[in-house]
Amino acid sequence: MWIYEKKLQYPVRVSTCNPRLAKYLIEQYGGADGELAAALRYLNQRYTLPPKVIGLLNDIGTEELAHLEMIATMVYKLTKDATPEQLKEAGLEPHYIDHERALFYHNAAGVPFTATYIQAKGDPITDLYEDIAAEEKARATYQWIINMSDDPDLNDGLRFLREREIIHAQRFREAVEILKEERNHKKVF
Amino acid sequence: MFTTRKQYEPYTSPFDPCPPIRVKTYVTAPNLYVGFQPPNLPQFPLREALMKGTLWQVFYDPYYSPYETKTKGDGS
């Protein structure tokens, strides 16, 4: 069960009405390496991992939901007052036809979210390596969005999210070290 | 000096259709170097840590677009 705090993990500020940025950001909403994929991946994998690392996946999976909420807020702010003409210029007319200004779980190219983006192999090392890769992919995606964005307020929020990806990758790497059980041994290979 | 921004120079042809980008950069985030986090690393003050996204100074590595500021995203 979760307890909901009615605030964002980090303040989301957007300086300009820029639906094109929303089109990029939706990648982190319903894309293969987005926050939804991350949350679902970790919260699902946690059942079948060794007890020592379940808590980590629980915590990170939960935090990903908070990130998802931040991305949703960014996308919403960037599009809520955009005219159909502006949405058209941003290449969002297919989205508008299907969803008006509603958010939807699809990637920047409009491909709807699918469970095939994530995996649960049941092998702890395999699953944790996938999680590390997912975090690094999300970090890279944030870099590419920051490169494309000219909104300093938005970039501030994106930088925060990217920093969290670094921390998550670090913790998953530590989880691998825990499972290797070689941390406090003198190593002579 | 250590940096988490690495550079390489890809081959450029005299026949490249676009003006070549002579130096490409990529990021090697701090998590690649730390291994299992040792105890007693320096921390940010709590309020600052909340805004930076990490408590640990060693993991703080903000990314700026090379197009946003010429000084922060290009490896310096």
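Each chain gets a letter, A, B and so on, in the order the sequences are listed, and its residues count up from 1.
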In this structure, is the centre-to-centre distance between the rings of A:Y24 and A:Y142 below 6.0 Å? no
With a 4.5 angstrom heavy-atom cut-off, could you sort out which part of A:I166 is near chain B: side chain, backbone, both or neither? both
Could you verify whether a donor N or O on one side chain and an acceptor N or O on the other, from A:N147 and B:Y63, lie under 3.5 Å apart? yes
Counting heavy-atom pairs under 4.5 Å to chain B, which of A:R173, A:M148, A:E165, A:Q143 comes out on top? A:Q143
I need the single residue from A:Q9, A:H168, A:R164 that forms a side chain to side chain donor-acceptor pair (under 3.5 Å) with A:H67. Which is it? A:Q9
Looking only at heavy atoms and a cut-off of under 4.5 Å, which of A:E163, A:R162, A:E174 has the most pairs with chain B? A:E163
Region of B:Y26 in contact with chain A, defined by heavy-atom distances below 4.5 Å: neither
With hydrophobic residues grouped by side-chain heavy-atom distances under 4.5 Å, do A:I26 and A:L8 end up in a single group? yes
